[in-house]
Participant: 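For reference, the structure I am asking about is given below.
Order of the sequence lines fixes the chain letters, A, B, ..., with proteins taken first and strands second; residue numbering starts at 1 for each chain.
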Amino acid sequence: MDIEMEMVPLAHYLFLSATLFVIGVVGVLVRRNAIVVFMSIEIMLNAVNISLIAFDRYLSLHDGQIFSFMVMCVAAAEVSVGLAIIIALFRNKPTINLDEFNIMKS
Amino acid sequence: MELLIFYPLAGLCVAFALGVVINNSPVGSAMSLIAMMLGLAGIFVLQQAHFIAVLQIIIYAGAIMVLFMFVIMLLNLKGSGEDASWRSRDKNLLMTVLSGFLVAGLLYKILCVLNSGEFDSPASLPENFGTAREVGTILFTEFVLPFEVASILLLVAMIGAVVLAKNKVD
């Protein structure tokens, strides 16, 4: 069939997913702004969704789409709690630079 | 044909993801992230996952990013966040090496998957693959327990967010 011949190969989606995941990891490791770190975590979650849906299409299943739906739920929960924690921290100490939060260290 | 749509979308996503990490102002990062989410929605459409693509726009580009912008504006981060000092931290070399290991591991794993021969020929898709009706039917029959657990998770997160943001932490 024509449509199947023109499909994007699975490898392309997997490499795109890996690229975005690594960008997210670098963001978490390198940036010190708490909000940007959260955004990088969102990038990682989205990168995983790409792989899930790519395999889904390849195997003609719906399980991966359900799983990426659950990932979105977890992302929403994580963001709401995380931003609430940032607000609570900001009340204690008016900065969101992660290097300045070392209460639990010593 | 699909490749012609895929490459610009993928390039857009990677460029804006880099924009999130590189940008110095949180508002710029948030805008880049919104653009990346929209590009990803396009990629989901390309993969016949229409329902997930719409959810991506509504939940991520809509709700979550509004929450981010709200917190950025609420905290009024001028001068209290980080400046450009993260570019010259002495830990950056270590982080780069660690990320390099991650890249190597991911590439190895992807090549293993691709060479295993399990994914050589794509399965033929039914006509209504990825529509809201199809995904919804499966969600409410086969995966109804995870669905309920997800609703409890969201409830707990909501209560937790209210409690955390309301009280003063000592």
Participant: Looking at B:Asn128, is its backbone amide N or carbonyl O close enough to the side chain of B:Thr131 to form a donor-acceptor pair, meaning the two atoms are under 3.5 Å apart?
Facilitator: yes
Participant: For A:Val28, is it the side chain, the backbone, both, or neither that has a heavy atom closer than 4.5 Å to a heavy atom of chain B?
Facilitator: neither
Participant: Check each atom of B:Leu139 against the heavy atoms of chain A and say whether the ones under 4.5 Å are side chain, backbone, both or neither.
Facilitator: both
Participant: Looking only at heavy atoms, which of residues 95-105 of chain B get nearer than 4.5 Å to chain A?
Facilitator: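 If one takes a 4.5 Å heavy-atom cut-off, the residues of residues 95-105 of chain B near chain A are B:Met95, B:Ser99, B:Leu102, B:Val103.
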Participant: A:Ala34 versus chain B, heavy atoms under 4.5 Å apart: side chain, backbone, both or neither?
Facilitator: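 Nothing of A:Ala34, per the 4.5 Å heavy-atom cut-off to chain B.
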Participant: Which answer fits A:Leu98, side chain, backbone, both or neither, if we ask what part of it has an atom under 4.5 Å from a heavy atom of chain B?
Facilitator: neither
Participant: If you count heavy-atom pairs under 4.5 Å between each of A:Gly82, A:Ser68, A:Gly24, A:Ala77 and chain B, which one has the most?
Facilitator: A:Ala77
Participant: Contact part of A:Thr19 toward chain B, heavy-atom cut-off under 4.5 Å: side chain, backbone, both or neither?
Facilitator: side chain
Participant: Between A:Asn49 and chain B, which part of the residue has a heavy atom less than 4.5 Å away: side chain, backbone, both or neither?
Facilitator: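 It is both, since atoms from each part get that close.
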Participant: What part of B:Leu114 lies closer than 4.5 angstrom to a heavy atom of chain A: side chain, backbone, both or neither?
Facilitator: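 Side chain only.
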Participant: If I measure from the heavy atoms of chain A, does B:Phe6 come under 4.5 Å with its side chain, its backbone, both, or neither?
Facilitator: side chain
Participant: At a heavy-atom distance under 4.5 Å, which candidate from B:Leu46, B:Val71, B:Ile52 has the highest pair count against chain A?
Facilitator: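 The option with the most such pairs is B:Ile52.
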Participant: Would you please name every residue forming a side-chain hydrogen bond (donor to acceptor under 3.5 Å, both in side chains) with B:Gln47, sequence neighbours left out?
Facilitator: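 Scan of B:Gln47 (side-chain hydrogen bond (donor to acceptor under 3.5 Å, both in side chains), adjacent residues dropped) gives none.
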Participant: Side chain, backbone, both or neither: which part of B:Val149 has a non-hydrogen atom closer than 4.5 Å to chain A?
Facilitator: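 Neither part; nothing is under 4.5 Å.
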Participant: Which bit of A:Val81 is near chain B, if near means a heavy-atom gap under 4.5 Å: side chain, backbone, both or neither?
Facilitator: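 Both backbone and side chain of A:Val81 come within 4.5 Å of chain B.
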Participant: Examine whether an atom of B:Leu107 lies under 4.5 Å from a heavy atom of chain A, and if so say whether it belongs to the side chain, the backbone or both; otherwise answer neither.
Facilitator: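 Side chain only.
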Participant: Can you say whether A:Met39 sits under 4.5 Å from chain B via the side chain, the backbone, both, or neither, judging by heavy atoms?
Facilitator: both
Participant: Pick one of side chain, backbone, both or neither for A:Leu59, based on which atoms fall under 4.5 Å of a heavy atom in chain B.
Facilitator: both
Participant: Parallel under 30°, tilted from 30 to 60°, perpendicular over 60°: which one fits the rings of B:Phe140 and B:Phe147?
Facilitator: perpendicular
Participant: Relative to chain B, which segment of A:Leu16 carries a heavy atom at a distance below 4.5 Å: side chain, backbone, both, or neither?
Facilitator: side chain
Participant: What option among B:Cys13, B:Ala63, B:Gly130 has the most heavy-atom pairs under 4.5 Å with chain A?
Facilitator: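 Option with the greatest count: B:Gly130.
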Participant: Let me know if B:Leu40 has heavy atoms under 4.5 Å from chain A in its side chain, its backbone, both or neither.
Facilitator: side chain
Participant: Are B:Gln48 and A:Asp56 linked by a side-chain donor-acceptor pair shorter than 3.5 Å?
Facilitator: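 Short answer, no.
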Participant: If you tally heavy-atom pairs under 4.5 Å against chain A, which of B:Leu33, B:Ile22, B:Ile43 wins?
Facilitator: B:Leu33
Participant: Checking B:Thr137 side chain against B:Arg133 main chain: does a donor-acceptor pair fall under 3.5 Å?
Facilitator: yes
Participant: Highest number of heavy-atom pairs under 4.5 Å with chain B: which of A:Phe38, A:Phe21, A:Phe55?
Facilitator: A:Phe55
Participant: Is it the backbone or the side chain of A:Leu20 that comes under 4.5 Å from a heavy atom of chain B, or both, or neither?
Facilitator: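 Contact with chain B: side chain only.
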